[in-house]
2 protein chains.
Amino acid sequence: MENAPPRPADLSAQIASAIRDAIVDGRLRVEERLPSEAELADQFSVSRPTVREALKRLAAQSLIRTQRGAAGGAFVNRLSFENAYAQQITTSTLLLSMNAVSFDTACEARFALERACAPLSSQRRSPDHLATMRAEIHRQAQPGLTDEAFCASDVAFHRALVDGAGNPVLSYQLAGAVEAMQPLMNMITFTARSRETIVALHTGIADALEARDVVETTQGLSALESETRKIAAGVFAARAARD
Amino acid sequence: MENAPPRPADLSAQIASAIRDAIVDGRLRVEERLPSEAELADQFSVSRPTVREALKRLAAQSLIRTQRGAAGGAFVNRLSFENAYAQQITTSTLLLSMNAVSFDTACEARFALERACAPLSSQRRSPDHLATMRAEIHRQAQPGLTDEAFCASDVAFHRALVDGAGNPVLSYQLAGAVEAMQPLMNMITFTARSRETIVALHTGIADALEARDVVETTQGLSALESETRKIAAGVFAARAARD
DNA sequence: ACTTTTTTAAATGTCTGACAAATGGAAAAC
DNA sequence: GTTTTCCATTTGTCAGACATTTAAAAAAGT
């Protein structure tokens, strides 16, 4: 039961926490410069290497960046959606692979979230979003494509759909769900026949989105979900039989 | 030295990247022990402080943990959903505050995502999930509650709804969207009247979920969304007029 | 032979001091 | 007034040392 009485964390972790809190609370504002490493070391009564370890922790979370030179130092980062994507995707990918989330579970989540974007996207999608989707569909129909390239194009297609909703928060959240599935999708070999089916479904979705038809878009996504799961089930079954 | 790319990153960043790639690629497996700091320093031909900074970067992302002592060292973490929640929430919160995302945008995303959970949750929610929701509704109806406590209970209610979908990937993604909104919600003062309305809407959603009525659940969420946005608009308008 | 205690070695955590490299601004030269 | 040179500041890196923790080996006791 002696699980862990608030075990004294490392000094560098404590300092990182203190600075992180200051950023979150707004005591340190965006683009503001932190005290120099020497000053921080003095303030916290630790050595400079310890301060540096704390700063590296924060840099790893994109909370600060450092700059060398006379007017250099550590600056509070503006956490942009674009920058946060990468972290979000890395974390989501690892979560899926390390926890052995089944393909079905990940797939279910992904399409549930995508369907959540459908109403907004069919309302707000720009011609640009449609053009991107059409272009990706065209690419997916080309014969010489590797499975990896096909999956990458698939991700691009769905990102265009999601971005069409015009809500950066949605795009951010969906980035994790959609892109993190790519490694799982890459485990699948797509036959010419299954690619044909997917391209047809993609076309149906793009058409529905162009017509601003929410119901049709949603149904298209659902059809794509069941088709994707069917293909995956087939691939996994064949693989299991071979082993 | 051959390492003269246009933008030579910090050595510690390079090393962190190399190890991170090894983890993502599976060359380093979960619970596997990394070489000691001295060995790593030797392998990468850098000093131990540099290696340590790299390891701290990875520790900040929960990719590794370190243990002191004879059989200690750095171990590859199993990234659990629970652990990832905290990071996800911190990042989402900062994203919202630093990028001045409007209340409406965040609210729209949140309820769109929640509606995505409705079909699954009405199908799979357990009596336990329902009980949690009822308990939170009961708490929300009590008079002496602070605004913060009311918001916290609101979050707990919605998390139960999301968890009811029985999909950890969904729960993870939603945690960011739902909990990151709490600071925004906390800026709102809830009148007794508006609390009453929200409690009624929550009750309606719980009832619909108990009856496994997808349409009713979805409509309840939509009603709650527009009510929330209406309350927020009122509060912000009053605040703007006063200033 | 088995259990308990002690020792020991390995590893991380931290500190000190130093030098290298980058960089912006001030001082000097033109 | 413009350009060049110099310099102080700050981060990046290194080397070595000591402290602390911890598990396993060694020793002692039963």
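In what follows, chains carry the letters A, B, and so on, assigned in the order in which the sequence lines appear, proteins first and then strands, with residues in each chain numbered from 1.
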SB check B:R57 B:E53 (cutoff 4.0 Å): no
Ion pair present between B:E108 and A:R124, side-chain N to carboxylate O less than 4.0 angstrom? yes
Rounded to the nearest angstrom, tell me the gap between atom [atom1] in [X] and atom [atom2] in [N].
X: A:I15; N: C:dG13; atom1: CD1; atom2: P; result: 14 Å
X: B:E53; N: C:dT14; atom1: CD; atom2: P; result: 13 Å
X: B:D42; N: D:dA15; atom1: CG; atom2: P; result: 10 Å

Does A:Y172 reach the side chain of B:T91, with side-chain heavy atoms less than 4.5 Å apart? yes
Hey, does B:L170 have a side-chain heavy atom less than 4.5 Å from the side chain of B:D163? no
Hey, which of these two, A:S47 or B:L55, hits DNA chain C nearer its 5' end, going by closest nucleotide? B:L55
For A:A70 and for A:P49, locate the closest nucleotide of DNA chain C by heavy-atom distance; then report the residue assigned to the nucleotide nearer the 5' terminus. A:P49
CG (B:N77) and CD1 (B:I64) are apart, to the nearest 0.5 Å, by 8.0 Å
OP1 or OP2 of [N] sitting under 4.0 Å from any side-chain N/O of [X]?
X: B:T50; N: D:dG12; result: no
X: A:T66; N: D:dG12; result: yes
X: A:R52; N: D:dT11; result: no

Look at the side chain of A:S92 and the backbone N and O of A:Q88, then say whether any donor-acceptor pair between them is shorter than 3.5 Å. yes
Indicate, with a heavy-atom threshold strictly under 4.0 Å, whether B:R33 touches base, sugar-phosphate, or nothing. sugar-phosphate
Bend across the helix from C:dA1-D:dT30 to C:dC30-D:dG1, to 10°, with axes taken over 5 pairs at each end? 20°
I'd like to know if A:R68 reaches the base of C:dG24 with its side chain such that a donor and an acceptor end up less than 3.5 angstrom apart. no
With a 3.5 Å cut-off and just heavy-atom distances, do the side chain of B:R48 and the base of C:dT14 make a donor-acceptor pair? yes
Mind checking whether A:H138 and A:H202 have ring centres under 6.0 Å apart? no
